[in-house]
Structure formats: C-alpha cells, structure tokens
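Data first, discussion second: the structure below is written as structure tokens.
Because only heavy atoms are used, hydrogens play no part in the values below, and waters and symmetry mates are left out as well, while side chains stay in.
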Amino acid sequence: GFQSPSSILCDSTSDRSSIGPSNWHNPLAEKDGMPGVAFQWLEVEGPIEERSLVESQRMLLGDWNPKLDASPPLSVASKLIGDFANRVYRRPIPIGEELRFIDLFKKAMQAGNSFRESLLASYSAILCSPEFVCFKEDPGRLDDHAVACRLSYFLWNSEPDTILRELAAQKKLNHPVVIREQVERMLGDPKSSRFVNAFLDYWLDIRKVNDTSPDETLYPDYYLDDLLADSSIEETRSFFTELIRSDLPIRNLVDSDFCMINERLATHYGIPGVEGIGIRRVSVPAGSPRGGLLTQASVLKVTANGTTTSPVTRGAWIMERIVGDKPPAPPPSVPAIEPDTQGAKTIREQLEKHRTLADCNSCHAKIDPPGFALENFDIFGAWRDRYRSLGKEGERMDGYGKNGQPFTFRSATHVDASGTWTNGTHFKDITDFKRILREEEKKIANNLVRQLTLYATGAKVRFSDRPEIHRMVEQTHGKQLGIRSIIHAIVQSPLFLQK
C-alpha cells in the first residue's frame with residue numbers, strides 16, 4: 001500500500017540510513033505527521049516585458065535603433081553623449097564639457113570600433129569623471145542642484161528624479177515651503193525604503209544580523225531559522241517606517257505600545273492572536289516587555305555572539321546608538337570575558353573581576369547597567385528567566401532543534417536583570433529601565449538628530465555644530481520630537497543646506 005512521506009519518517013522501524021541519523025526527528029512534527037502544503041491550482045503568467053531593460057537602452061541609445069541604422073551621423077552621437085553626461089552629472093554640464101567625450105568617440109571610431117562600442121567608450125569615460133563620482137558642492141550655501149542631490153541621496157539613496165531636476169533648474173529648491181513639499185513627496189514614495197534600510201543598517205548595525213550563527217548545541221531551536229532572521233530585520237525596518245509615517249514621538253524608540261510583527265515573531269515573543277507571514281502593526285499586550293527598539297530580535301541578535309549574551313556589549317550599544325554616549329575603548333591589558341557555556345558562573349560574577357580595577361570600574365559603572373536590563377533576552381531576543389547551560393547542573397530541557405536532534409542543554413542559574421542607572425535610579429527589569437530611559441528623550445533626540453545629519457550630509461557633526469543640533473531638538477519638541485518632524489528640521493537646517 002501507499003505510505004506518505006510523513007508516515008515513513010515517523011515510523012521508528014523504517015530504514016532511515018539514507019536520510020540521516022537514526023535519532024533524527026522533525027521538530028515541527030505533530031501527532032498526525034509532519035506539516036506540509038497543498039496546492040489546489042497554480043497559475044503562471046508571462047512572458048513579462050522587461051521594461052527596465054528597455055528603459056536602460058533608451059537612456060543609453062535614445063531613439064537610435066542599431067538594427068535599423070548601424071552607422072548614424074556624428075550629430076546623433078553628439079546628442080546622445082551630451083544627454084548622457086547631463087543625466088549622470090546630476091546637473092547641467094558646463095558648456096563645451098561634452099567635447100572631450102565626443103573626441104574620444106571619434107578616436108574609437110577611427111580605431112575600427114562600431115558606433116555602439118564607441119558610444120560605450122565615451123560613456124565609460126563620463127562615468128569615470130569626478131563630476132559623476134563625486135558630489136559637486138562648493139563651500140557656502142549650496143546651489144539648487146546640490147540641494148536636489150542631497151535630498152535625493154538622503155531620502156532615496158539615488159539620483160534626483162525629473163521633478164527635483166526641474167525645480168533645481170528653476171532655482172526653487174532653496175525655498176523652505178518647496179523643500180518641505182518635496183520631503184513629503186519623497187517620504188511617501190516607495191523608494192524611501194532605501195533610506196530606512198541603509199540608515200538602520202549603519203545606525204543600529206542591522207546589517208550584521210547574520211554575522212553570527214546561533215550555537216548548534218546551546219541554541220539548536222534557532223539553527224537555520226531563516227524565517228526568524230528575515231522577519232526580525234523586517235520588523236525593525238517596518239517599525240522605523242511606521243514612526244516616520246505617523247510622525248510618532250521619539251520615546252517610541254525606547255518604549256512603544258505597538259510592534260510590527262508576523263506569526264513567527266509573535267510566537268517568538270509570546271504574543272497571541274497573530275497569524276500569517278505578513279508584517280503588521282500589533283498592540284503590545286499588557287505585561288509584555290516588547291515595544292521599542294531595545295527588545296526587538298534583530299537588535300538583541302546583533303548585540304550577542306551566537307553563544308552567550310554580554311551586558312558589556314549590549315550596554316555599550318545602548319549608550320552609543322541610543323543615548324549618544326560612546327564609551328571609551330577598554331584598556332589593552334585587561335583580557336576579554338570568555339563565554340561560559342557550562343553555567344559555572346553568572347555573567348555578573350565574571351564581571352566582578354573587571355569592577356575591582358579602578359580603570360575598568362569607571363566605564364563598567366555606565367555601560368553594564370543597560371546591558372543588565374536586557375539579560376532576560378537570549379541571543380535571539382526570546383524571553384528567559386534562566387540561562388542555558390551545557391553543564392551537569394540544572395533542569396534538562398525537552399524538545400528538538402532545527403537539526404532534528406534532541407536538546408542537550410539545561411536550564412541553569414536565574415537571570416538577574418536589575419541595575420542602577422547613571423543618575424542613581426535603581427531598576428529591577430527591562431520595564432523599569434524603559435521607564436527611566438524615556439525620561440532621557442531629549443538626549444535620545446539629540447543623538448538621533450546627529451545620526452541622521454551624518455547620514456544626510458556625509459560630514460561628521462563637529463563641536464561647533466552643537467548649537468544647531470540643540471536648536472533642531474528644541475524646534476521639534478513642540479511636536480513631541482516626532483521622527484518625521486526631525487527629518488524636516490534637518491533638511492531645513494544650515495547643516496544640510498550649506499557646506
């Protein structure tokens with residue numbers, strides 16, 4: 001008779017030598033077998049016109065069709081080269097600038113190259129020109145074309161579109177009302193996701209989410225969980241997008257009453273009632289520690305090493321990325337703390353050695369407390385009351401990892417997430433710590449303005465820029481330091497409009 005794949009895999013008497021070790025177990029298996037998917041019908045549509053290819057050809061070749069006219073006159077080449085240079089320079093090309101590229105085209109033709117090959121030689125030279133490789137920004141007030149570039153590369157991570165180019169040509173991009181209108185238009189465009197993704201990659205280190213892999217033995221339930229990893233990245237991006245879209249107050253960075261999750265993340269966070277793979281806005285249940293950046297899986301993963309968590313690493317990350325106080329580098333003579341997977345000592349006990357040294361204690365007194373506040377979250381952000389251990393002490397945990405093998409780790413020592421903030425205020429857990437950190441909203445806003453200004457201009461914020469940073473924070477305070485309002489304040493600022 002016919003046997004389904006699930007019945008074969010779950011039958012202990014079956015010969016499984018060809019599919020893996022004898023104790024292999026699907027961690028997703030239910031009593032009636034393993035999960036699967038059934039398709040009732042499937043529709044395929046195509047072929048789809050490759051419009052992007054057609055558009056790229058039009059940008060390079062204009063109306064010239066190589067199949068109809070293999071050797072057009074020089075005037076056609078001159079126009080194509082001039083139009084291409086005008087496009088990639090992001091501003092009108094200086095009079096006579098295109099002549100040197102036309103001369104290059106002529107030389108390529110004389111060398112026996114085809115019309116198309118000669119054009120590409122000229123285009124390659126244009127793309128190597130400093131006018132393309134570098135932004136042209138003269139000291140002082142930026143001209144309209146430079147403003148168009150700053151706006152576009154800030155909010156779209158791309159060249160100015162036709163609207164920005166036309167406004168620049170009409171010298172309208174130094175008017176505050178016009179700039180505000182354009183920022184609103186650009187933030188409402190799908191291309192603004194490029195800004196969100198790139199900014200978060202460097203501000204929060206989200207680009208490093210997959211730099212470490214969960215330990216196969218200590219965290220086998222996370223092993224090869226690509227859905228969780230991808231969902232965690234999308235959560236942070238969607239969360240920041242929502243803050244911008246609704247101009248929500250900056251305190252939401254620390255503590256919000258909603259999160260952007262799907263079913264996989266909801267299961268991970270212990271939030272009921274969420275189904276499906278799509279990320280959506282979900283209210284944080286009463287008593288849940290979620291809400292804000294600090295308790296998101298992506299942030300908690302980039303601040304862990306795949307094996308253990310370190311209050312030092314997480315505390316330094318919070319101080320630098322959220323609060324804006326970058327801790328100094330540790331003394332070279334003090335060795336780093338080695339991960340203890342046997343559970344012999346808690347992380348607090350290990351840090352006591354560092355705190356006995358005066359040079360170390362001055363820094364650890366600042367960076368350890370916020371890290372301790374996050375100790376209830378494991379290397380991928382799941383809640384824990386006890387640390388995992390590979391030692392002999394503690395309760396053996398039941399279950400199977402993604403590798404199909406039974407858990408071998410134990411639930412060991414209790415987590416202590418208490419600490420004392422720099423102002424002397426004591427907290428007992430992450431909820432308490434969030435409440436304390438919310439009171440630092442102006443300091444957090446000051447840091448975000450600095451981070452966004454650096455990203456928008458490419459220039460470090462100097463000591464002399466501090467009054468302007470402070471002014472922008474005060475300007476948006478009446479709007480509860482809304483994230484969208486902060487972006488508007490930055491693009492209207494002399495730091496953005498001048499060089």
Side-chain angles (χ1 to χ4, degrees), residues 199-209 211-212 250 253-254 292-296 298-306 308-339 346-377 379 416-427 430 432-434 436-455 460-463 465-466 469-470 473:
F199 176 64
L200 295 181
D201 276 352
Y202 287 90
W203 174 38
L204 303 180
D205 279 336
I206 301 304
R207 69 191 188 281
K208 297 180 179 179
V209 163
D211 281 7
T212 60
I250 201 167
L253 292 178
V254 174
L293 291 174
L294 303 185
T295 55
Q296 292 182 7
S298 64
V299 168
L300 292 163
K301 187 173 188 297
V302 299
T303 54
N305 63 11
T308 58
T309 60
S310 168
V312 179
T313 302
R314 284 179 169 175
W317 186 93
I318 291 175
M319 295 301 293
E320 179 179 358
R321 305 307 172 96
I322 304 300
V323 180
D325 289 340
K326 185 176 181 178
S333 59
V334 180
I337 297 176
E338 295 295 328
T346 66
I347 187 65
R348 285 180 181 267
E349 292 172 334
Q350 291 175 285
L351 284 172
E352 285 302 320
K353 177 181 178 181
H354 289 253
R355 286 180 173 272
T356 58
L357 302 175
D359 291 342
C360 296
N361 186 56
S362 60
C363 292
H364 279 276
K366 296 179 180 178
I367 62 179
D368 289 358
F372 284 137
L374 297 180
E375 277 299 277
N376 276 122
F377 302 96
I379 63 161
D416 181 0
S418 64
T420 303
W421 186 232
T422 53
N423 61 5
T425 305
H426 182 76
F427 59 86
I430 182 61
D432 260 3
F433 180 70
K434 283 184 178 182
I436 295 171
L437 206 54
R438 284 201 308 265
E439 298 174 0
E440 306 273 1
E441 66 172 18
K442 278 197 174 182
K443 198 168 187 178
I444 295 171
N446 182 82
N447 177 61
L448 181 62
V449 170
R450 292 170 65 92
Q451 298 284 355
L452 283 168
T453 300
L454 170 61
Y455 178 84
K460 290 185 177 181
V461 178
R462 300 166 298 179
F463 182 83
D465 298 327
R466 293 175 65 183
I469 297 294
H470 179 73
V473 171

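- Not a single side-chain hydrogen bond (donor to acceptor under 3.5 Å, both in side chains) links T453 to another residue, sequence neighbours left out.
- Between L452 and F199, the closest side-chain pair of non-hydrogen atoms falls below 4.5 Å.
- Residues forming a side-chain hydrogen bond (donor to acceptor under 3.5 Å, both in side chains) with D201 (at least two apart in sequence, or on another chain): none.
- Between L294 and I322 the shortest heavy-atom distance is CD2-CG1, 4.1 Å.
- Residues E375 and P311 form a side-chain contact, since some pair of their non-hydrogen atoms from C-beta on lies under 4.5 Å apart.
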* **salt bridge (Lys or Arg N to Asp or Glu O under 4.0 Å) between D325 and K443, intermediate numbers included** => CA-CA 9 Å; D325 289 340; K443 198 168 187 178; 2.9 Å; yes

* Derivation and outcome, side chain to side chain contact (heavy atoms under 4.5 Å, CB included), residues L374 and I318 -> CA-CA 10 Å; L374 297 180; I318 291 175; 3.6 Å; yes

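- Counting only heavy atoms from C-beta outward, the side chains of F427 and P369 approach each other to under 4.5 Å.
- The main-chain N or O of G292 is found under 3.5 Å from a side-chain atom of Q296 such that the two form a donor-acceptor pair.
- Closest non-hydrogen pair, G419 versus H426, comes out as O-ND1, 3.0 Å.
- The structure places OH of Y455 at 13.5 Å from CH2 of W203, a figure rounded to the nearest 0.5 Å.
- Residue S298 holds its OG atom at 7.5 Å from CG of L204, rounded to the nearest 0.5 Å.
- If you take NZ on K326 and CH2 on W317, they are separated by 15.0 Å, rounding to the nearest 0.5 Å.
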* To do: Evaluate side chain to side chain contact (heavy atoms under 4.5 Å, CB included) for I367 paired with V312, printing each intermediate quantity in order.
  => CA-CA 6 Å; I367 62 179; V312 179; 3.9 Å; yes

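- Here the shortest heavy-atom pairing between N376 and A417 reads OD1-CB, 3.3 Å.
- No more than 12 heavy atoms of other residues, nucleotides or ligands shown are found within 6.0 angstrom of CZ on R466.
- With 3.5 Å as the limit, one finds no donor-acceptor pair spanning the side chains of W421 and E439.
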* To do: Please assess K434 against D432 for the test salt bridge (Lys or Arg N to Asp or Glu O under 4.0 Å), listing each intermediate value before the final yes or no.
  => CA-CA 5 Å; K434 283 184 178 182; D432 260 3; over 6 Å; no

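- Shown here for V209 and K301, the closest heavy-atom pair between the two residues is O-NZ, 2.5 Å.
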* **Derivation of the side chain to side chain contact (heavy atoms under 4.5 Å, CB included) call for R314 and L300** => CA-CA 8 Å; R314 284 179 169 175; L300 292 163; 3.6 Å; yes

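- No more than 12 heavy atoms of other residues, nucleotides or ligands sit less than 6.0 Å from atom NE2 of H470.
- Here the side chains of T309 and F377 are not in contact, with every heavy-atom distance at 4.5 Å or above.
- Side-chain atoms of N447 never come within 3.5 Å of backbone atoms of I444 as a donor-acceptor pair (strictly under, hydrogens ignored).
- Counting all heavy atoms, side chain and backbone alike, P327 lies closest to A316 at CG-CB, 3.8 Å.
- Put simply, the residue from V254, L253, I430 that forms a side-chain contact (heavy atoms from CB on, under 4.5 Å) with L437 is V254.
- Pairing each heavy atom of T303 with each of V299, the nearest pair is OG1-O, 2.9 Å.
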